[in-house]
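Report on the structure given below.
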Amino acid sequence: MVTEPVISIRSLRKGYFLGGENEVMALAGIDLDVAAGEYVAIMGPSGSGKSTLLNLLGCLDRPTSGSYYLGGDDVALLDDDSLSEVRGHRLGFIFQAYNLIAQLTVIENIEVPLFYQPDATRGSSARCLELAARVGLADRLNHRPKQLSGGQQQRVAIARALVNDPLLILADEPTGNLDSSTEEDVLCLLDELHAEGRTIIIVTHDELVANRADRILHMKDGRIARIVHRPHS
Amino acid sequence: MLLQIHRILSLGVKNLFLHKVRSVLTMLGIVFGVSSVIAMLAVGEGAALKARQEITRLGSRNIILDSVEPPQNAASQQTQSSAAGRRKYGLTEMDRTRIARTLPHVLIVHPESTRTDEVTSATSQHMATLIATGADLPEVRQIECEQGRFFTDLEVLRVAPVCVLSPSLSRKLIPFGEVIGKAVRIEADYYTVIGISRKAGQYHDDVPATGKAEITRNLVYLPVTTARARVSDFTFGRTQFDTLVVHVDDSSHVPEVARNVESILLSLHREKDYKMTVPLELLAQARRTQRLFNVIIGSIAAISLLVGGIGIMNIMLATVTERTREIGIRRALGAKRRDIIWQFLAETTVISLTGGLIGILLGMVIPGLISTLTKIPTVVTTGSVVLSVGISLLIGIAFGIYPARRAASLDPIEALRH
């Protein structure tokens with residue numbers, strides 16, 4: 001299957017000025033291609049640059065230099081508004097801390113990304129209901145996040161990440177706050193999405209979590225130190 | 001576009017409903033600011049309206065001269081108390097002819113004097129106010145005859161025994177049949193009724209009412225010459241004219257004529273035994289007072305609304321801090337800076353507009369209460385309502401923009417970490 005890669009990154013660098021002249025390179029030149037439907041895990045110790053990479057992949061930040069093609073478009077140096085648009089249209093986020101909006105109900109939380117896409121109102125409520133059912137929360141539509149368990153909250157977040165039919169799903173330690181049984185639920189959900197052909201990038205500390213991916217990138221000192229391909233049965 | 005506005009506003013309303021007490025308290029500043037503005041303006045407008053009505057009734061083309069008993073110093077009062085008691089004072093025939101003959105732009109110098117006396121008909125007797133006046137009264141004082149006619153210059157000149165009655169008096173004196181042509185008696189003389197005036201009250205509200213208000217509605221208009229020749233109170237009165245009304249051809253000439261009248265009177269009178277009233281000047285004075293009043297009200301209102309606005313800003317800044325994480329989440333999920341600005345502006349605008357509308361309702365009820373309780377007239381003008389809505393909208397935007405911009409300027413990564 002030869003298709004255009006979802007992500008194509010060339011010599012991506014990101015430096016921070018931490019007072020004075022010394023520039024600290026958080027990313028020191030990354031090259032990465034992710035094909036459509038691929039499931040990639042990023043591992044590495046703290047300070048290895050994986051959070052920085054995830055922020056850049058998530059269009060939350062701009063690189064110092066280098067190029068980033070997302071779905072064929074250069075998004076490395078877009079302005080703030082355009083980056084917001086890219087996030088809203090092409091990306092789905094799953095965070096370690098779930099990041100649901102506390103005062104909104106389950107169904108309203110799932111709808112949030114659509115709120116910022118004026119063209120995506122028709123039939124959206126049906127889609128949200130469908131996604132809620134899919135993550136097994138059809139009977140808790142009007143609950144607030146506080147009334148849900150951690151696993152349930154993360155499933156709401158996954159439904160929210162899917163509502164805009166994203167090109168790429170970014171998961172930042174999605175099971176970091178969960179116990180082992182709910183962790184399994186969430187990982188199975190991700191496996192299902194992968195099986196459907198979704199492109200997923202997951203950042204994790206956990207070898208077991210990473211082992212579910214097609215490819216594992218080990219990062220160190222702002223570079224990709226090692227790539228492990230996992231042969232799939 | 002409309003859908004978008006609706007979505008943003010409903011999100012704003014929803015967020016406000018999550019903190020009902022806080023939102024209502026924030027709103028109170030605007031409610032009281034706006035309602036006090038409207039109430040104060042209504043009271044001011046009511047007072048001004050009343051003043052204008054009273055002044056207009058005096059006539060904007062008139063200059064009114066009244067005889068005033070001069071203040072007597074203690075020495076003269078003691079030495080010639082009996083003589084001083086009968087001493088003449090006030091406006092004279094000399095003043096009248098001098099003003100009428102020499103000043104340009106003066107159309108008429110119209111005399112008026114009033115006394116109270118008994119009027120008798122074939123069937124009854126009533127106390128009434130006698131008004132000795134000229135034939136120009138209808139024009140100068142805007143009085144019309146309901147029936148019959150007013151007396152003419154010729155009748156004044158010939159000292160004709162005729163009179164015009166106010167409607168209420170004519171009904172009491174001659175309850176049945178034709179009034180015009182009947183005779184009524186004052187002291188020893190008979191006078192033929194030649195007319196009935198319309199709406200007497202409108203003119204002589206300012207006649208000093210001697211005791212009963214009824215007398216002020218019982219009016220008898222007599223030719224000035226006749227009254228002076230036949231009615232003893234006029235004949236032996238201490239003044240020749242109680243009042244002279246100088247009727248000017250155009251209101252633009254009133255100030256000039258007033259100055260000239262003043263200098264004539266100064267040259268003819270040894271002491272200040274007259275008073276000049278210029279309704280036009282009073283009107284201008286009333287307008288100036290009204291403007292000053294409005295400026296003061298405006299400043300008070302501005303301060304209270306400023307306080308309300310600062311209250312809104314204060315709460316919104318706290319809200320922004322409290323909701324930093326939410327802002328980060330929304331930004332990560334595709335919200336542009338402008339979306340965040342609109343979200344917060346929607347909340348401040350909803351607060352201030354709702355507060356403004358409640359304030360308007362309250363501001364319309366309060367003047368009504370004031371009017372019914374104290375009989376002070378109040379007028380709620382459309383202008384003040386429109387102004388209040390505009391101001392409250394403006395406050396919402398002005399005091400919302402800073403917190404909103406601050407919210408939007410948050411870095412999404414930082415905000416998410418919060």
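Just so we're on the same page: letters track the sequence lines, and every chain starts at 1.
The number of heavy atoms from other shown groups lying within 6.0 Å of NZ (B:Lys50) does not exceed 12.
If you tally non-hydrogen atom pairs under 4.5 Å between each of B:Asp411, B:Leu18, B:Ile8 and chain A, the highest count goes to B:Leu18.
Side chains of A:Phe115 and B:Arg7 form a contact here, defined as non-hydrogen atoms less than 4.5 Å apart. The shortest side-chain heavy-atom distance between B:Ile296 and B:Arg291 does not fall under the 4.5 Å cut-off. A heavy-atom distance below 4.5 Å is found between the side chains of B:Leu11 and B:Asn15. A heavy-atom distance below 4.5 Å is found between the side chains of A:Ile169 and A:Leu162. The shortest side-chain heavy-atom distance between A:Met25 and A:Asp221 does not fall under the 4.5 Å cut-off.
B:Ser251 and B:Ser60 form no side-chain donor-acceptor contact under 3.5 Å, judged by distance and modelled atom types alone.
Using a 4.5 Å cut-off between heavy atoms, B:Glu414 makes no contact with chain A at all.
Atom CE of B:Met27 is separated from atom CG of B:Leu353 by 10.0 Å, given to the nearest 0.5 angstrom. From B:Ser36, atom OG reaches atom CG of B:Leu41 across 9.5 Å, with rounding to the nearest 0.5 Å.
Across all their heavy atoms, B:Pro412 and A:Leu60 have their closest contact at CB-CD2, 4.0 Å.
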- Output, in order, the C-alpha distance, side-chain angles, deciding distance and verdict of side-chain hydrogen bond (donor to acceptor under 3.5 Å, both in side chains) for B:Thr378 and B:Ser371. CA-CA 6 Å; B:Thr378 55; B:Ser371 286; 2.7 Å; yes

- Task: Let me see the working for A:Arg160 and A:Glu111 under salt bridge (Lys or Arg N to Asp or Glu O under 4.0 Å), right down to the final yes or no.
- Result: CA-CA 7 Å; A:Arg160 183 180 65 183; A:Glu111 278 171 347; over 6 Å; no

- Query: Passes side chain to side chain contact (heavy atoms under 4.5 Å, CB included), A:Leu187 versus A:Thr175? Steps please.
  - Reply: CA-CA 8 Å; A:Leu187 290 176; A:Thr175 58; 3.9 Å; yes

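Taking non-hydrogen atoms and a 4.5 Å limit, the residue list of residues 394-403 of chain B in contact with chain A is empty. Within residues 68-102 of chain A, the residues having any heavy atom less than 4.5 Å from a heavy atom of chain B are, in residue-number order, A:Asp80, A:Asp81, A:Ser84, A:Glu85, A:Arg87, A:Gly88, A:Phe93, A:Phe95, A:Ala97, A:Asn99, A:Leu100, A:Ile101. Taking 4.5 Å as the heavy-atom cut-off, none of the residues of residues 140-151 of chain A approach chain B. Among residues 313-333 of chain B, the residues having any heavy atom closer than 4.5 Å to a heavy atom of chain A are, in sequence order, B:Arg323, B:Arg325, B:Glu326, B:Ile329, B:Arg330, B:Arg331, B:Ala332, B:Leu333.
With hydrogens and angles disregarded, no donor-acceptor distance shorter than 3.5 Å links the side chain of A:Arg13 to the backbone of A:Ser65. When atom types are taken as modelled, the side chain of A:Lys14 and the backbone of A:Arg62 share a donor-acceptor pair closer than 3.5 angstrom.
If you run side-chain contact (heavy atoms from CB on, under 4.5 Å) between A:Gln152 and each of A:Asp185, A:Val106, A:Leu137, only A:Leu137 comes through.
Residues A:Glu183 and A:Arg155 are not paired through a salt bridge, judged by the lack of any N-O separation under 4.0 Å between the basic side chain and the carboxylate.
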